[in-house]
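Letters A, B, ... are given to chains in the order of the sequence lines, protein chains preceding strands, and every chain is numbered from 1.
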2 protein chains.
Amino acid sequence: MLTPTQPRPITPSSGSTEHTTVSPPTRGTRQSPPPRAATRTAARCSSCSMRLLCMPQGLSADELSKLETLICSARSVQRGEALYRSGDRFDSIYAVRSGSMKTVMIHRDGREQVTGLRLAGEALGLDGISADVHACSAVALEDSTVCIIPYSPLKLLCREISSMQDRMHKLLGAQIVSEAAQMMVLGSLSADERVAAFLLDVSQRNAQRGYSWSEFNLRMTREDMGSYLGMTLETVSRTLSRFQKRGLIDTQGKHIRIVDLEGLRQV
Amino acid sequence: MLTPTQPRPITPSSGSTEHTTVSPPTRGTRQSPPPRAATRTAARCSSCSMRLLCMPQGLSADELSKLETLICSARSVQRGEALYRSGDRFDSIYAVRSGSMKTVMIHRDGREQVTGLRLAGEALGLDGISADVHACSAVALEDSTVCIIPYSPLKLLCREISSMQDRMHKLLGAQIVSEAAQMMVLGSLSADERVAAFLLDVSQRNAQRGYSWSEFNLRMTREDMGSYLGMTLETVSRTLSRFQKRGLIDTQGKHIRIVDLEGLRQV
DNA sequence: CGCACGCTTGAGTGTCCTCAATTCGAGTGG
DNA sequence: CCACTCGAATTGAGGACACTCAAGCGTGCG
C-alpha cells in the first residue's frame with residue numbers, strides 16, 4: 001500500500017497561522033491570527049455530542065448527566081482554516097455542528113488527496129486514535145463550528161456506560177465501512193459512475209439529517225471533488241455538464257439539484 | 001479510470017457451500033462440504049489473540065487470566081473459501097494465525113473490489129461492527145487458520161480493562177488510517193507508483209512481524225492485486241516485468257524479492 | 001470597478017484498458 | 001513417470017477514456 005505515516009513535509013503546527021499547503025488559502029479568507037476557540041455553553045455542546053454519540057440508544061437520566069460532565073466546548077473554524085493538521089497531537093474527536101469540512105492526506109511529494117467530506121452532525125478526528133497523532137488534516141469548506149469531545153474522558157465514559165461503548169465502536173466501524181466503500185469507488189468505477197455515486201452519497205446523507213435529498217450546496221471546489229474522486233477538476237466539470245444535458249441534475253456552481261434520482265442510480 | 005471486471009453474479013450466502021464466484025475456485029481445491037470449524041486448545045488461541053490485542057501494553061497476571069476466559073476458538077479456512085461473507089451476521093472478530101486472506105467488497109452490479117490483504121497476525125472482521133452485519137467478504141488466499149474472538153465478551157473485557165479498551169480503539173483506528181492511505185494510493189498515484197507502494201507496504205508489514213522484508217510470497221493473483229490497486233491484471237504484470245528489467249525486484253510468479261529498496265521508494 | 005479565483009469548454013496527447021495469442025506451472029489421470 | 005489440462009501469467013497491438021494545456025467566462029470580494 002504505502003508507508004502510512006510518511007515524513008510530514010507539512011509544517012505540522014508552525015507558529016504561524018498559515019494553513020499553507022493543505023488548501024491554497026483563499027485570498028479572501030481573512031487570516032485570523034489566533035485560531036480563536038470560541039467556547040460555548042456546555043448545554044448546547046453536550047446536546048451536540050449527544051446526537052453524535054447516543055442517537056440510537058436511550059440513556060437513563062443518570063447516564064445523561066454523566067455525559068454532560070464531558071468537557072465539551074465548541075470551536076469555530078473559518079473557511080480554509082485547519083481544525084487540526086496531519087502530525088498534530090490527538091486528544092479530541094469532533095462533531096461538526098454547522099458548516100462542513102474536508103479531510104486531507106498529504107503524500108510526501110506534496111500531492112494531496114481529499115479523503116473525506118464531513119457534513120453537520122458527522123464525526124471528525126478519528127484518524128488520530130491509532131497513533132495519538134492525526135494522520136489527516138481537517139479543513140473547513142465554509143465557516144463552520146465543531147463540538148470538541150475530549151478523548152480521555154470519553155474513554156472513561158465508554159467504560160462506564162455500555163451503550164456509549166457501543167456507540168463509539170459503531171462510529172469507528174462506520175468510518176471503516178465508508179472508507180472501504182470509497183475504495184471501491186476509486187478502484188472500480190468510471191468517471192461518470194464516481195460522480196454519480198458521490199452525488200447520491202451526499203444526497204442520502206442530507207436526507208438522513210433531515211435536509212433535502214434533492215437540493216444542496218456542495219461547498220467543495222471542483223478540485224476538491226476531483227481529488228476525492230480520483231480525477232481532475234476538468235473531468236468533474238465535464239461530467240456534471242453532461243449530467244445536466246442528460247437531465248439528471250441541475251447545477252449552477254456549487255448549488256446542485258438532483259432532477260432524476262433513478263437516472264443517477266443507473267450511472 | 002476504468003471499468004475493469006465483468007459483471008460478476010455473486011451469490012452472497014447461497015445455501016450451498018460453494019464459494020462460487022468470490023474467487024474462481026481452483027479445481028484442485030477440495031470442496032469441503034461443512035466449512036469445518038476445527039477447534040483448538042484455548043491456550044494457543046488466547047496467545048494468538050493476545051498478540052493481536054495486547055501487544056503494546058503489559059497486563060497484570062490477573063488481567064491475563066481474564067483475557068483467557070474469552071472463548072477463543074480457531075478455525076481453518078481452505079484456499080478460496082470464505083471465512084465470512086458480505087451480509088453475514090457479525091459476532092466475532094478474527095486474527096489471522098497462519099496463511100493470508102483478502103477482503104472483498106461487491107458492487108451491486110457484481111463488480112468486486114479487493115479492499116484489503118491480511119497477513120498472519122493481523123485483524124479481520126472489523127467491517128461488521130457498525131451494522132452488526134459484515135460489509136465485506138473475507139476469502140482465504142491460501143489454506144489458513146484464524147483465531148475467533150467473540151465480540152460480546154470482548155466488549156465486556158474492554159470495559160473492565162482499560163488497556164484492552166485502548167488496544168481495541170487503536171485496532172479500529174489503525175484500519176481507518178490504513179484505508180485512508182489506500183484511498184490516497186487509488187486516488188493520486190500512477191500505476192507504477194501503486195505497485196511500488198504495494199510492494200513496500202507488504203515488505204514493511206513482513207518486517208514488522210519478524211519475517212524478511214526483502215523476500216516473500218504474495219499469494220494474491222495478479223487479478224487480486226489489480227483489483228486492490230485499481231488496475232487490470234495485465235498492467236500489474238507489465239509493471240512487475242518493467243520493475244524487474246530496471247533491477248528493482250526479482251519475481252517469478254508469486255515469489256517476489258526486493259532488490260533495490262531505495263529505488264522502489266523513488267517510484 | 002477590477003482583479004482573482006473558480007468554473008467551463010475545447011483540442012491534442014498519453015496512460016492504461018481491451019482483446020488476443022502464447023507461455024508457464026501445478027495438479028491430475030493415464 | 002509423463003502427457004494432459006486448466007488456470008495464471010506474460011507479452012503484443014490497437015483503441016478509449018481521462019489527463020494536460022490553454023483559452024474564455026462568470027462572479028464574488030476588495
Side-chain angles (χ1 to χ4, degrees), chain A residues 23-31 78-80 111 141-143 185-195 217-227 229-245 249-256 267, chain B residues 1-7 19-31 78-80 102 111 141-143 185-195 217-227 229-245 249-256 267:
Chain A
S23 173
T26 311
R27 258 309 166 80
T29 304
R30 112 185 70 134
Q31 310 256 79
Q78 306 291 317
R79 178 159 72 109
R111 275 176 292 188
L141 294 169
E142 58 194 303
D143 293 357
V185 167
L186 291 168
S188 301
L189 304 190
S190 70
D192 281 14
E193 291 169 328
R194 289 179 204 195
V195 174
N217 269 49
L218 259 190
R219 299 315 235 284
M220 311 174 93
T221 65
R222 300 289 188 255
E223 183 167 18
D224 285 333
M225 285 180 60
S227 170
L229 298 176
M231 48 206 262
T232 59
L233 67 100
E234 292 96 331
T235 304
V236 171
S237 178
R238 272 187 257 269
T239 304
L240 289 173
S241 299
R242 216 165 333 106
F243 282 2
Q244 178 147 17
K245 279 189 197 107
I249 62 174
D250 192 46
T251 84
Q252 25 199 3
K254 300 199 191 308
H255 186 84
I256 291 181
V267 183
Chain B
M1 185 201 294
L2 82 169
T3 54
T5 48
Q6 59 282 57
H19 38 280
T20 52
T21 47
V22 171
S23 173
T26 312
R27 259 308 167 79
T29 305
R30 112 186 69 134
Q31 309 255 82
Q78 306 291 319
R79 177 158 73 107
K102 65 176 175 180
R111 276 177 292 189
L141 293 169
E142 58 194 304
D143 293 358
V185 168
L186 291 169
S188 301
L189 304 190
S190 70
D192 281 15
E193 291 169 327
R194 288 179 205 194
V195 174
N217 269 50
L218 259 189
R219 301 311 237 285
M220 311 174 94
T221 65
R222 300 290 188 254
E223 183 168 18
D224 285 333
M225 286 179 59
S227 170
L229 298 175
M231 49 206 261
T232 59
L233 66 101
E234 292 96 330
T235 303
V236 172
S237 179
R238 273 186 258 268
T239 305
L240 290 173
S241 299
R242 215 163 336 104
F243 282 2
Q244 177 147 18
K245 281 193 195 100
I249 62 174
D250 192 46
T251 84
Q252 25 198 5
K254 300 198 190 312
H255 186 84
I256 291 181
V267 185

N/O to N/O distances under 3.5 Å, protein versus nucleotides 9-14 of chain D:
unit_1  : atom_1 : unit_2  : atom_2 : d
dA9(D)  : OP1    : K254(B) : NZ     : 2.6
dA9(D)  : OP2    : R222(B) : N      : 2.8
dT10(D) : OP1    : R222(B) : NH2    : 3.3
dT10(D) : OP2    : R222(B) : NE     : 2.8
dT10(D) : OP2    : S237(B) : OG     : 2.7
dT10(D) : O5'    : S237(B) : OG     : 3.1
dT11(D) : OP2    : S241(B) : OG     : 2.6
dG12(D) : N7     : R238(B) : NH1    : 2.7
dG12(D) : O6     : R238(B) : NH2    : 3.2

Contacts under 3.5 Å, N or O only, protein and nucleotides 24-27 of chain D:
none

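Legend: residues meeting side chain to side chain contact (heavy atoms under 4.5 Å, CB included) with T235(A), ordered by chain and number and at least two apart, are A191(A), M231(A), T232(A), T239(A). Take I256(A) and apply the side chain to side chain contact (heavy atoms under 4.5 Å, CB included) test, not counting sequence neighbours, and it matches L199(A), F216(A), L218(A), T251(A). Taking R219(B) as the reference, E142(B) meet the salt bridge (Lys or Arg N to Asp or Glu O under 4.0 Å) condition, with sequence neighbours excluded. In terms of the side-chain hydrogen bond (donor to acceptor under 3.5 Å, both in side chains) criterion, S237(A) has no residue partners (sequence neighbours excluded). Take R242(A) and apply the salt bridge (Lys or Arg N to Asp or Glu O under 4.0 Å) test, not counting sequence neighbours, and it matches D192(A). Taking the side-chain hydrogen bond (donor to acceptor under 3.5 Å, both in side chains) definition, one finds that S190(B) meets it with E193(B), sequence neighbours left out.
Separating the CG atom of D192(A) from the P atom of dC19(D) is a distance of 12 Å, rounded to the nearest angstrom. One can place CZ of R79(A) at 12 Å from P of dC5(C), the figure rounded to the nearest angstrom.
Atom-to-atom distance recorded for K245(B):NZ and L240(B):CG is 11.5 Å, nearest 0.5 angstrom.
Computed from C1' positions of five pairs at each end, the angle between the two local axes of the helix from dC1(C)-dG30(D) to dG30(C)-dC1(D) equals 40°, rounded to 10 degrees.
Within the 3.5 Å criterion, the main-chain N or O of L189(A) finds a donor-acceptor partner in the side chain of R194(A). Here the side chain of D143(A) pairs no donor or acceptor atom with the backbone of Q78(A) at under 3.5 angstrom.
Nearest heavy-atom pair, M220(B) versus K254(B), reported as atom, atom and distance to 0.1 Å: O-NZ, 3.5 Å.
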